[in-house]
Visitor: 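Sharing a structure with you now.
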Amino acid sequence: MVGTALVLAASIPATAVAGQTRAASADPVSVMTYTAKERQEALAYWTPARMKAVGKSVDLGPTGPKAKPWQGTAMKTVGRLFFVNANGADTWCTATSVKSANRSAVMTAAHCVRRGSSPDNTNILMVFVPGYTKGKTPYGAFAVRTAVTPRSWENDSADDLSTLVVDTDKSGRKLTDVVDGQDIVFNRPVGGTVSAFGYSATRPQLGEELLRCVGTAKEKSGLQAIPCDMSGGPWLADFNATTGKGVLVSVNSSLDSLTPTEMQGEVLGATAKKVYERAAHSRADAETRMTQIRPPIATQTGVTR
């Protein structure tokens, strides 16, 4: 699939850059915002046809036996996060609407926003589509206006989590007013049964259907792990299959590619709380200026994940 999109970098004085760098180094949270024009371009770019086409561009092999298509109550809060990555390729992640002060927060992995240890390699044209299923967008699409990540991810590939702030929909409604949001908890002891959900790039689904895997969480090298065999998004504890609600305790960070039977995610501690709170109190109904200059990037053929 070939697309054409271009974001131009603005020029600012070197003294301003140096000052911003010093200020940023003291802030454990990195904030990147998209202009109104960029957000409009994102909504125009991600047509239903393009959303369906991107899944055909990547195949991570057969869906594992532990991952099952979700056939219960509609998971309105979970959706596909579409974007163009730092290579210029169309791709996606899984993301989740969570409760927040601004009613506009979405949790996902930091690697869905930018490359780790590479501050200039950021993603563009980001759109969250809750409840996506086989080309259908039952609750509309929400352009991402702000992406908040840990500074430790930007510089050192640590703390793979992010909170996004999305625009209102085309009718002016805020995200959680449309699809509600999952509860989120910090500093919760690792353990217990976890339901992981994701639009995995495995066949036959190839991102078109939501999958679920259930496992018991355990601590592993400072992270938490569950015995699941898919790529995914939210980890929900205390999940109620009737209501589709639980408590978000992590987001999927990685899947062992050699023996893909274990998913790993961050333990949501102090850093995660700072990221979430910065986004949760950010206004989603007012124009913002870019806080980071992104390099020029054009879409190319292919998908990288």
Side-chain angles (χ1 to χ4, degrees), residues 1-10 30-60 79-96 106-130 132 135 137 140-149 153-154 157 160-167 169-170 198-201 206-208 231-233 251-252 279 288 290-305:
M1 176 171 59
V2 179
T4 57
L6 184 65
V7 174
L8 300 177
S30 177
V31 180
M32 180 172 64
T33 63
Y34 299 89
T35 65
K37 182 175 184 293
E38 289 173 324
R39 302 193 305 267
Q40 291 168 359
E41 290 173 346
L43 290 173
Y45 184 81
W46 285 108
T47 62
R50 189 178 292 275
M51 291 178 189
K52 288 202 63 144
V54 68
K56 299 175 182 178
S57 301
V58 60
D59 184 345
L60 298 183
R80 284 178 87 178
L81 176 68
F82 295 97
F83 54 91
V84 175
N85 68 18
N87 286 344
D90 290 0
T91 188
W92 80 94
C93 278
T94 304
T96 313
V106 175
M107 291 296 296
T108 191
H111 71 254
C112 299
V113 174
R114 63 195 317 153
R115 288 183 185 168
S117 306
S118 184
D120 291 334
N121 286 308
T122 58
N123 301 334
I124 63 169
L125 301 175
M126 302 184 75
V127 170
F128 177 57
V129 182
Y132 179 94
T137 59
F142 296 78
V144 174
R145 67 183 300 118
T146 306
V148 185
T149 57
W153 175 260
E154 178 182 332
S157 299
D160 188 8
L161 57 96
S162 176
T163 308
L164 312 175
V165 182
V166 296
D167 272 346
D169 68 6
K170 63 182 181 181
Y199 290 90
S200 185
L206 296 177
E208 287 295 294
S231 58
V251 293
N252 191 51
T288 58
M290 286 202 305
T291 58
Q292 175 175 313
I293 303 302
R294 292 183 295 281
I297 183 172
T299 58
Q300 304 167 358
T301 303
V303 174
T304 58
R305 292 182 61 82

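Hydrogens, waters and symmetry mates play no part in the numbers below; they use all other heavy atoms, side chains included.
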Visitor: With Phe128, which residues qualify under ring pair (Phe, Tyr, Trp, His ring centres under 6.0 Å), at least two apart?
Guide: none
Visitor: Taking Arg114 for its side chain and Glu154 for its backbone only, find out whether a donor-acceptor pair lies under 3.5 Å.
Guide: no
Visitor: So, Thr33 versus Thr146: side-chain donor-acceptor pair below 3.5 Å or not?
Guide: no
Visitor: Roughly how far apart are Trp46 CH2 and Met51 CE, rounded to 0.5 Å?
Guide: 7.5 Å
Visitor: Before accepting this row, confirm whether a basic side-chain N of the pair Glu208/Lys56 lies closer than 4.0 Å to the acidic partner's carboxylate O.
Guide: no
Visitor: Within the 4.5 Å heavy-atom criterion, are Ile124 and Phe83 side-chain neighbours or not?
Guide: no
Visitor: About how many Å separate NE2 of His111 and SG of Cys93, when rounded to the nearest 0.5 Å?
Guide: 4.5 Å
Visitor: Using the side-chain contact (heavy atoms from CB on, under 4.5 Å) rule, take Leu164 and Thr108 through it: C-alpha gap first, then chi angles, then the decisive distance, then the call.
Guide: CA-CA 8 Å; Leu164 312 175; Thr108 191; 4.1 Å; yes
Visitor: Using side chain to side chain contact (heavy atoms under 4.5 Å, CB included) as the criterion, point out the one residue from Val58, Asn85, Asn123 that pairs with Thr91.
Guide: Asn85
Visitor: Let me see the working for Tyr45 and Asp90 under side-chain contact (heavy atoms from CB on, under 4.5 Å), right down to the final yes or no.
Guide: CA-CA 10 Å; Tyr45 184 81; Asp90 290 0; 2.5 Å; yes
Visitor: Quick check against the 3.5 Å criterion: does Ser162 have a side-chain atom that pairs as donor or acceptor with the backbone of Val148?
Guide: yes
Visitor: Determine, step by step, whether Asp167 and Leu43 satisfy the side-chain contact (heavy atoms from CB on, under 4.5 Å) criterion, reporting the C-alpha distance in whole Å, the side-chain angles of both residues, the deciding distance to 0.1 Å, and the verdict.
Guide: CA-CA 11 Å; Asp167 272 346; Leu43 290 173; 6.0 Å; no
Visitor: Looking at every heavy atom in both Val127 and Ala141, which two are closest together, and how far apart are they?
Guide: CG1-CB, 3.6 Å
Visitor: Verify the distance criterion only: is there a donor paired with an acceptor across the side chains of Ser117 and Ser157 at less than 3.5 Å?
Guide: yes
Visitor: Working note: Val144 + Val113, criterion side-chain contact (heavy atoms from CB on, under 4.5 Å); need CA distance, chi angles, decisive distance, verdict.
Guide: CA-CA 10 Å; Val144 174; Val113 174; over 6 Å; no
Visitor: Report yes or no: does Trp92 contribute a side-chain atom to a donor-acceptor pair with the main-chain N or O of Tyr199 at less than 3.5 Å?
Guide: yes
Visitor: Do you know the tightest heavy-atom contact between Val54 and Arg80?
Guide: CG1-NH2, 3.7 Å
